[in-house]
Engineer: 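This structure is in structure tokens; I'll ask about it shortly.
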Amino acid sequence: MVDFSRTRALFQIPSGVVYLDGNSLGPPLRDTAAKLGHVVDREWGGELIKAWNSCGWMAKPGRVGDRIARLIGAPEGSVVMGDTLSIKVFQAVAAGLAMRPERRVILSDTGNFPTDLYMVEGLIALKDRGYTLKTVEPQDVEAAIDDSVAVMMLTEVDYRTGRKHDMRRLTETAHAAGAVAVWDLAHSAGAIPVHLEQCRADFAVGCTYKYLNGGPGAPAFIYVRPDLADVAAAGLSGWQGHAAPFAFELNYRPARGSERMRVGTPPILGLAALEAALDVFESASMDELRARSIELTSLFIEEVERQAPQVELFSPRAADERGSQVSFRHPDAYAIMQALIAHGVIGDVRAPDVLRFGFAPLYVSLEDVRLAAAILADILRSDLWRDPKYSVRQAVT
Ligand SMILES: *Cc1c(COP(=O)(O)O)cnc(C)c1O
């Protein structure tokens, strides 16, 4: 049994705050600052450039990747860190297209996060070979998979609704049609169990500042199925993905394995903060976290529906069809969320009308859930959100 009050105590969350936005930016661990300080003072400050060797900096993208791999059902050596998720999406899709040179369709869904779609649009323009990006409604993906599809690119958990795709089935269907399957795990990694190897996913990517608590702009990860890793094109041919970066050869030659997906110099400070955050995942299995997450999200739905009929559930009601977030709809979502935040409950909104709440099982308690639902109900009942100050728009929602 995991002691969730103990894992919660490891996080730095201001008192009086119910934090339900760890699906967008996870909080720091209490010892993240000290661990990061150590890297700045001792490694960077003490060793200077020698640290690339003496502190193992050059191997960090693979070593931290191995720790992520354990959380997403991937074998050692198959995951490497670097860049941000947008870049990794580009690389994975480019690699997938190179594996199916005779096909021209990239299939995705309308629930995908815009940057994934934008990156593909840019890739298509760059390649200039008649590719098309086809987006269908999430529930229509399976029927849209046919032998014109080169790459099926999906985000497992929808950022707005929390709806979860069936990775195993869709990957199987894609493979049966001869397509390459690319999965984005932005809202999966650290939140729900993922079985990349068992599902035979070809590529997977994800960020580490959401449920993995790596900090703002923390490095992304990319998974390449081991049997593809020595043949996959890297999509971006940077020197850190070269077979021999310090040979300074004039021509690009990809490294063996997933290392070829590296691009430039690794973000050592970002990786250090992420490593500090990953320690807490040693104390619970992803199955235990999933069970807790379902308990939290189910309770929230129950409490909100009982007390706040003004909002409408936008997430799947069936626990096994959603990730670790719950969304409700209301035409005045923005003002309601601002009022909630002013009363210590931090969630966020997604245009036009979605109130979004993330339930990170490591630090959100059942008490938090009850309190958040009660405050939301109170704000709705009292029309408190109608105060004009809650309608002032900020840049980041
Ligand atoms: C959060 C998120 C991103 C963000 O990409 P960055 O390059 O890290 O800004 C991309 N895709 C999905 C599906 C996301 O949820």
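Whatever order the structure lists them in is the order used to number ligands and atoms, beginning at 1.
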Engineer: Which of parallel (below 30°), tilted (30 to 60°) and perpendicular (above 60°) describes F248 and W239?
Structural biologist: parallel
Engineer: Please determine which of V182, L228, V151 meets the side-chain contact (heavy atoms from CB on, under 4.5 Å) test together with D202.
Structural biologist: L228
Engineer: Where the side chain of R103 meets the backbone of A150, is there a donor-acceptor pair that is under 3.5 Å apart?
Structural biologist: no
Engineer: Using the ring of each side chain (for Trp, its six-membered ring), is Y211 parallel, tilted or perpendicular to H187, with breaks at 30° and 60°?
Structural biologist: perpendicular
Engineer: If you measure only the distance, is there a donor-acceptor pair under 3.5 Å linking the side chains of S108 and N112?
Structural biologist: yes
Engineer: Identify all N/O pairs between ligand 1 and the protein with a separation under 3.5 Å and present them as a table of atom names and distances.
Structural biologist:
unit_1	atom_1	unit_2	atom_2	d
ligand 1	7 (O)	T84	OG1	3.0
ligand 1	7 (O)	L85	N	3.3
ligand 1	7 (O)	S86	N	2.8
ligand 1	7 (O)	S86	OG	2.6
ligand 1	8 (O)	Y209	OH	2.6
ligand 1	11 (N)	D116	OD1	2.7
ligand 1	11 (N)	D184	OD2	3.3
ligand 1	15 (O)	H187	NE2	2.9
ligand 1	15 (O)	K210	NZ	2.5

Engineer: Sort and list the pairs that fulfil salt bridge (Lys or Arg N to Asp or Glu O under 4.0 Å) and have at least one residue in residues 272-281, not counting sequence neighbours.
Structural biologist: K35-D279, K60-E275, R67-D279
